[in-house]
Amino acid sequence: EPKTSTTSACQQEANQADCLNMGRFATTVPYYARYRQAYPLEFFQRVARLLQLDGTQALVDLGCGPGMLALGFARHVKSVAGVDPEPDMIAAARAAAQQAGVALTLYVSRVEDLPVGVGPFATAVIGRALHWMEPRATGAALDRLLESNGAIAICGAFSAEGQNPWLPCYNSIRDRHKVVNEEVNYRIDPSEFFSGGPFAVRESVVVRKVIETSVDVLVGRLFSMSNTSPAV
């Protein structure tokens with residue numbers, strides 16, 4: 001089985017963002033939590049130390065999907081909310097929270113559409129969703145949702161460049177099946193995304209881990225992506 005070197009990266013900011021559209025993810029829900037690369041425990045611990053999370057804060061996970069980040073950070077904060085425009089993702093997050101024994105407050109919404117009275121939050125986390133968000137509307141919403149000294153953590157899990165010999169073949173197969181003209185820049189530069197607003201990138205955390213991954217998991221991971229979803 002191929003060994004996969006993964007990198008989890010978090011870029012802290014003095015602000016945060018949210019997620020647009022997502023009917024496109026409706027058929028990915030059964031595969032997302034099961035096959036997307038999980039964030040390692042060390043990642044949550046290091047980010048919690050960086051953000052000085054001590055169990056007294058409120059945290060919101062924007063574009064939360066099935067709640068992978070929300071549940072991972074729950075042990076480090078007092079309360080956690082999750083926001084996602086895809087109802088089936090929110091249902092999956094609710095089920096995962098119940099199984100984990102974690103109390104999550106969940107909203108089917110885009111961040112800019114959250115009602116007045118939600119928040120404030122000390123920290124917002126955004127996983128693999130920043131590329132679906134509109135910068136200006138997201139920045140304005142985060143300015144409203146975050147406390148004055150609040151922080152944003154942009155998080156992602158990626159295959160380490162040049163360390164997985166099987167990856168080019170895998171990507172070439174994926175390219176043959178994905179939606180044409182549906183390419184999205186998944187690795188948005190947060191400095192550019194938040195430029196002109198009150199937020200600035202402060203620090204980065206990188207955790208690398210080598211794991212063994214089966215071909216079945218790699219296939220399931222493709223089904224969790226919008227442009228190679230079961231519907232596609």
Look up atom [atom1] in [X] and atom [atom2] in [Y], then write down how far apart they are to the nearest 0.5 Å.
X    : Y    : atom1 : atom2 : answer
W132 : I126 : CH2   : CD1   : 15.0 Å
S229 : H177 : OG    : NE2   : 13.0 Å
L41  : K209 : CG    : NZ    : 8.5 Å
S159 : N171 : OG    : CG    : 8.0 Å
L59  : H76  : CG    : NE2   : 10.5 Å
F121 : R144 : CZ    : CZ    : 10.0 Å

Check: Any side-chain donor-acceptor pair under 3.5 Å between S214 and D216?
Finding: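 Note: S214 and D216 side chains miss the donor-acceptor criterion.
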For [X] and [Y], work out which heavy atoms get closest and say how close.
X    : Y    : value
S224 : F25  : O-CE2, 4.0 Å
T28  : M225 : CG2-O, 3.8 Å
Y39  : G127 : OH-CA, 4.0 Å
I211 : Q37  : CD1-OE1, 3.1 Å
A70  : V80  : CB-CG1, 3.6 Å
L51  : A153 : CD1-CB, 4.3 Å

Margin query: List the residues meeting ring pair (Phe, Tyr, Trp, His ring centres under 6.0 Å) with Y35, not counting sequence neighbours, and say none if there are none.
Written below: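 Expected list: none.
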Item checked: Sequence-distant partners of Y32, ring pair (Phe, Tyr, Trp, His ring centres under 6.0 Å), two or more places apart ->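 Ring pair (Phe, Tyr, Trp, His ring centres under 6.0 Å) check on Y32 returns nothing, list empty.
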Contact check, side chains of [X] and [Y], non-hydrogen atoms, under 4.5 Å:
X    : Y    : answer
E134 : R110 : no
R128 : R36  : yes
C64  : I90  : yes
E203 : L50  : yes
N227 : R174 : yes
M68  : D61  : no
L145 : L114 : yes
L71  : L104 : yes

Check: When the ring planes of Y31 and F223 are compared, do they come out parallel, tilted or perpendicular, using 30° and 60° as the limits?
Finding: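 It falls in the tilted class, 30° to 60°.
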Margin query: Tell me whether the rings of W166 and Y170 are parallel (<30°), tilted (30 to 60°) or perpendicular (>60°).
Written below: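 Plane angle over 60°, so perpendicular.
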Next item on the list: Please determine which of V83, L130, L69, T138 meets the side chain to side chain contact (heavy atoms under 4.5 Å, CB included) test together with L62.
Entry: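 Result: among V83, L130, L69, T138, V83 is the only option passing the side chain to side chain contact (heavy atoms under 4.5 Å, CB included) with L62.
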If only atom types and distance count, is the side chain of [X] paired as donor or acceptor with the main-chain N or O of [Y] below 3.5 Å?
X    : Y    : value
T27  : A231 : yes
R46  : V205 : no
T228 : L222 : yes
D84  : G65  : yes
Q57  : Q52  : yes

Next item on the list: Under the side chain to side chain contact (heavy atoms under 4.5 Å, CB included) rule, what do V47 and F73 come out as? Steps first, then yes or no, please.
Entry: CA-CA 9 Å; V47 175; F73 282 114; 3.7 Å; yes
